[in-house]
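Just so you know, these numbers use all the heavy atoms, side chains as well, and skip hydrogens, waters and symmetry mates. For reference, positions follow the sequence shown, starting with 1.
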Amino acid sequence: MVTIKSEDEIKLLRIAGRIVAMTHEEVKRHIAPGITTKELDRICEQFILKQGATPSFKGLYGFPGSVCISINDTLVHGIPDNTVLKEGDLVTVDIGACYQGYHGDSAWTYAVGEVSEEAKQLMKVTEESLYKGLEQAIENNRVGDISNAIQRHAESFGYGVPEDYTGHGVGREVHEDPIVPNFGKPGKGLRLKEGMVIAVEPMVQMGTKYTYTLSDGWTVKSRDHSLSAHYEHTVVIRKNCCEILTKL
């Protein structure tokens with residue numbers, strides 16, 4: 001069921017979103033060759049707890065980490081472990097924080113040291129796809145307007161847009177209705193109303209759109225092992241533009 005959030009609820013969602021944004025700023029300072037994804041996870045968890053919040057993903061559906069950390073050809077749901085970041089890697093950190101029962105959710109892809117020109121373009125285009133989608137996240141548009149804007153921009157560069165992983169509503173649960181795909185047709189899908197809170201999150205692969213999941217049941221990789229990028233903001237639908245909750 002899709003819910004319209006009250007302004008009191010949005011105040012709490014705004015605080016949760018700000019904590020997520022602050023956590024990104026904190027972890028970004030530590031992303032460098034030689035650090036492990038488990039260390040980055042610890043940094044995120046400790047920072048979130050210091051803000052009076054809890055990591056949204058820890059234990060969610062049984063996920064073992066505090067945040068999802070995905071490297072290179074891992075699209076989403078990478079489990080923090082003893083993997084060491086290397087010069088030239090792309091690393092996506094997907095962070096959720098729960099404040100007084102309300103969640104913020106944002107993912108961002110970071111370069112580890114100096115990366116290839118191809119990797120830089122993938123990051124740039126995927127981030128652009130996010131903002132193309134957010135331009136459509138306004139009252140009376142439809143979910144398909146967001147989805148199509150993302151898909152058209154990413155695919156215009158020859159990239160693959162996986163279809164099994166989507167954006168979603170956010171509120172008292174991390175994942176609520178509606179589903180917000182990264183592909184679709186304009187003018188189709190649920191009509192957006194002011195006060196809806198959604199996470200828009202393009203996940204883009206340099207190669208095809210196809211993926212597979214490792215035996216751990218979590219880690220999703222590009223089937224052709226091409227590089228992946230992932231950018232996400234939690235936003236409130238407003239009349240003329242969305243309000244981004246997960247930025248400073």
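- Residues Val76 and Trp108 do not share a hydrophobic cluster, defined by chaining ILVMFWY side chains whose heavy atoms lie under 4.5 Å apart.
- Lys5 places a side-chain N or O within donor-acceptor distance of the main-chain N or O of Val170, the cut-off being under 3.5 Å.
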request  = Apply side-chain contact (heavy atoms from CB on, under 4.5 Å) to Ile198 and Thr234, showing your working.
outcome  = CA-CA 6 Å; Ile198 60 174; Thr234 301; over 6 Å; no
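- No hydrogens or angles considered: nothing links the side chains of Thr219 and His77 as a donor-acceptor pair under 3.5 Å.
- Although no hydrogens or angles enter the test, the distance criterion places no donor-acceptor pair under 3.5 Å between the side chain of Thr246 and the main chain of Val20.
- The shortest side-chain heavy-atom distance between Tyr99 and Ile19 falls under the 4.5 Å cut-off.
- Put simply, the side chain of Asp177 gets close to the backbone of Met1: a donor and an acceptor are under 3.5 Å apart.
- Taking both residues in full, the closest heavy atoms of Phe63 and Phe57 are given as CB-O, 3.6 Å, listed atom of the first, atom of the second, then distance.
- Applying the ring pair (Phe, Tyr, Trp, His ring centres under 6.0 Å) definition to pairs two or more places apart or across chains, those involving residues 133-156 are His153-Phe157.
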key: Candidate pair Val125 and Tyr159, rule side-chain contact (heavy atoms from CB on, under 4.5 Å), full reasoning   = CA-CA 9 Å; Val125 170; Tyr159 296 145; 3.8 Å; yes
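- The backbone N or O of Ala107 sits less than 3.5 Å from a side-chain atom of Glu232, completing a donor-acceptor pair.
- In this structure, Val204 and Leu122 have side chains that are in contact, with non-hydrogen atoms separated by less than 4.5 Å.
- The backbone N or O of Cys44 lies less than 3.5 Å from no partner atom in the side chain of Thr23, so there is not a single donor-acceptor pair.
- Using bins of under 30°, 30° to 60° and over 60° for the plane-to-plane angle, the ring pair Tyr110/His24 lands in the tilted bin.
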Taking only distance into account, with no hydrogens and no angle test, what donor-acceptor pairs under 3.5 Å do side-chain atoms of residues 188-196 form with protein atoms, sequence neighbours excluded?
unit_1 : atom_1 : unit_2 : atom_2 : d
Arg191 : NH1    : Asn140 : O      : 2.7
Glu194 : OE1    : Lys239 : NZ     : 2.8

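- Looking at heavy atoms from C-beta onward, Leu75 lies in side-chain contact with Gln205 at the 4.5 angstrom threshold.
- Proximity of Thr36 to Thr83: side-chain heavy atoms (C-beta onward) are nowhere separated by under 4.5 Å.
- Asp145 places a side-chain N or O within 3.5 Å of a backbone atom of Arg142 that can act as its donor or acceptor partner.
- Distance check, rounded to the nearest 0.5 Å: CD of Gln121 to OG of Ser116 gives 10.0 Å.
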key: Evaluation steps, side-chain contact (heavy atoms from CB on, under 4.5 Å), between Glu117 and Lys120   = CA-CA 5 Å; Glu117 291 303 315; Lys120 289 177 184 176; 3.3 Å; yes
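- When the side chains of ILVMFWY residues are joined at heavy-atom separations under 4.5 Å, either directly or via intervening members, Phe183 and Met203 end up in two distinct hydrophobic clusters.
- Across Val112 and Ala32, no two heavy atoms sit closer than the pair CG1-C, 3.8 Å.
- Distance check: His175 NE2 to Leu60 CG gives 6.5 Å after rounding to the nearest 0.5 Å.
- Shown here for Pro55 and Ser66, the closest heavy-atom pair between the two residues is CB-O, 3.7 Å.
- Here the straight-line distance linking atom OG of Ser129 with atom CD1 of Ile146 works out to 13.5 Å at 0.5 Å rounding.
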request  = For the pair Asp224 and Tyr210, evaluate side-chain contact (heavy atoms from CB on, under 4.5 Å) and give the outcome as yes or no after the intermediate values.
outcome  = CA-CA 8 Å; Asp224 59 5; Tyr210 301 107; over 6 Å; no
If you look only at distance, which donor and acceptor atoms sit under 3.5 Å apart when one is on a side chain in residues 9-18 and the other is two or more places apart or in another chain?
unit_1 : atom_1 : unit_2 : atom_2 : d
Glu9   : OE1    : Ser6   : N      : 2.9
Glu9   : OE2    : Tyr102 : OH     : 2.8
Arg14  : NE     : Glu243 : OE2    : 2.7
Arg14  : NH2    : Glu243 : OE1    : 3.3
Arg14  : NH2    : Glu243 : OE2    : 3.1

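- Between the side chains of Asp73 and Ser222, no donor-acceptor pair is found at a separation under 3.5 Å.
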Would you give me the side-chain donor-acceptor pairs under 3.5 Å for residues 84-98, sequence neighbours excluded?
unit_1 : atom_1 : unit_2 : atom_2 : d
Glu87  : OE2    : Glu114 : N      : 2.7
Asp89  : OD1    : Asn72  : ND2    : 2.9
Asp89  : OD2    : Lys86  : N      : 2.8
Thr92  : OG1    : Thr109 : OG1    : 2.6

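- Taking 4.5 Å as the limit, every side-chain heavy atom of Asn182 sits out of range of all side-chain heavy atoms of Thr166.
- Between Ser226 and Gly207, the shortest heavy-atom distance links the atoms OG-N, 3.0 Å.
- A donor-acceptor pair under 3.5 Å links the side-chain atoms of Glu176 to the main chain of Arg172, judged by distance alone.
- A donor-acceptor distance shorter than 3.5 angstrom exists from the side chain of Gln151 to the backbone of Gly184, with no hydrogens or angles considered.
- Shortest non-hydrogen contact noted between Pro80 and Gly65 is CD-CA, 4.1 Å.
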message = Would Arg238 and Glu139 count as a salt bridge (Lys or Arg N to Asp or Glu O under 4.0 Å) here? Give the steps.
response = CA-CA 6 Å; Arg238 299 297 193 186; Glu139 188 174 46; over 6 Å; no
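- Hydrophobic clustering of Ile, Leu, Val, Met, Phe, Trp and Tyr side chains at less than 4.5 Å, counting indirect connections, keeps Phe47 apart from Val67.
- In this structure, CD1 on Ile79 lies 11.5 Å from CD1 on Ile69, to the nearest 0.5 angstrom.
- Counting all heavy atoms, side chain and backbone alike, Val115 lies closest to Ala111 at CG1-CB, 3.6 Å.
- The salt bridge (charged side-chain N to carboxylate O under 4.0 Å, His left out) pairs that include a residue from residues 50-64 are Glu45-Lys58, where partners are two or more places apart or lie in different chains.
- For the atom pair OG1 (Thr211) and CD (Glu163), the distance works out to 10.0 Å, reported to the nearest 0.5 Å.
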Would you tabulate the side-chain donor-acceptor contacts of residues 130-138 under 3.5 Å, counting partners in other chains and residues two or more places apart, or write 'none'?
unit_1 : atom_1 : unit_2 : atom_2 : d
Tyr131 : OH     : His233 : NE2    : 3.2
Gln136 : OE1    : Asn141 : ND2    : 3.2

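- Look at Glu26 and Arg29 and you find a salt bridge, because one of the NZ, NE, NH1 or NH2 atoms lies within 4.0 Å of a carboxylate O, short of that distance.
- Linking Ile, Leu, Val, Met, Phe, Trp and Tyr whenever their side-chain heavy atoms come within less than 4.5 Å puts Ile150 and Val235 in one cluster.
- Proximity of a side-chain donor or acceptor of Thr126 to a complementary backbone N or O of Ala229 within less than 3.5 Å is not detected.
- Under the 3.5 Å distance criterion, with hydrogens and angles disregarded, a donor-acceptor pair is assigned to the side chains of Asp105 and His168.
- Inter-residue side-chain proximity for Met123 and Glu127 is flagged as unmet; no heavy-atom pair is nearer than 4.5 Å.
- Under the 4.5 Å side-chain heavy-atom criterion for grouping Ile, Leu, Val, Met, Phe, Trp and Tyr, Ile237 is not connected to Val197 through any hydrophobic cluster.
- His230 has its side chain out of reach of Pro202: every pair of non-hydrogen atoms, C-beta onward, lies at least 4.5 Å apart.
- When side chains are defined from C-beta on, Trp218 counts as touching Pro64, because their heavy atoms get closer than 4.5 Å.
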